[in-house]
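Only one structure is covered here, and it is reproduced in the block below.
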Amino acid sequence: MKKQLTINYEEYAAQKELPAADRALLNDAIDALKGSYAPYSRFNVGAAVRLADGTVVKGANQENAAFPSGLCAERTAMFAASAQHPGVPFEAIAVVCAREGQLMANPGSPCGACRQVMAQYEREAGKPLHIILGSGATIYTLDGVESLMPFVFNDL
Ligand code: THU
């Protein structure tokens, strides 16, 4: 039997159209770009995680001469949030990408490994993670990692 999956997301044409809380978290992700260490790709990614108690933890991509040793912005932010605020549920994450000081025109889209990590913290939180994929123009928002990563591994 053929089956079909549908994903739901919202598209905004500009940052000013976002609900205030999303705009604030996106601005935190933009601010996090300052912490990007990307001497190899020169591609900067900023992320900001908002926890259920309102705390925001920022992260940025970190590269290394031993290439696999680097880490994406999203996981840098999520692991820092979990390490510094253990057990506090994740509510939302915003991501944004830039090159040479210019925000990209298309929404930043997390890699598979970051999606897997999001899925696990979402499961811990017990409610859908709000995801903001930002840019200098178009922004997507999604409610739940399922829309980014169907059939996620969760057999623990
Ligand atoms: N990168 C992220 O920070 N997040 C992603 O979801 C994908 C890629 C980083 C890794 C590397 O430092 C640079 O972007 C280029 O791949």
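Counting convention: from 1, in listed order, for ligands and their atoms alike. For reference, positions follow the sequence shown, starting with 1. Note that the coordinates shown come from a computational prediction; the quantities given were computed from them, not determined experimentally.
Side-chain N or O atoms of Gln62 include none that pairs as donor or acceptor with a backbone N or O of Cys72 at under 3.5 Å. In this structure, the side chain of Glu10 does not engage the main chain of Thr141 through any donor-acceptor pair within 3.5 Å.
Pocket lining of ligand 1, defined as residues with a non-hydrogen atom under 4.0 Å away: Ser41, Phe43, Val45, Asn61, Glu63, Cys72, Ala73, Glu74, Ser109, Pro110, Cys111.
Looking only at atom types and distance, the side chain of Arg115 has a donor-acceptor partner in the side chain of Ser109 under 3.5 Å away. Side chains of His85 and Asp53: no donor on one and acceptor on the other come within 3.5 Å.
Considering CG of Leu129 and CE of Met78, their distance stands at 8.0 Å, rounded to 0.5 Å.
The hydrophobic cluster containing Val56 also includes Tyr12, Leu18, Leu25, Leu26, Ile30, Leu33, Val96, Leu103, Ile132, Ile139, under a criterion of side-chain heavy atoms closer than 4.5 Å among ILVMFWY residues, counted directly or through chains of members.
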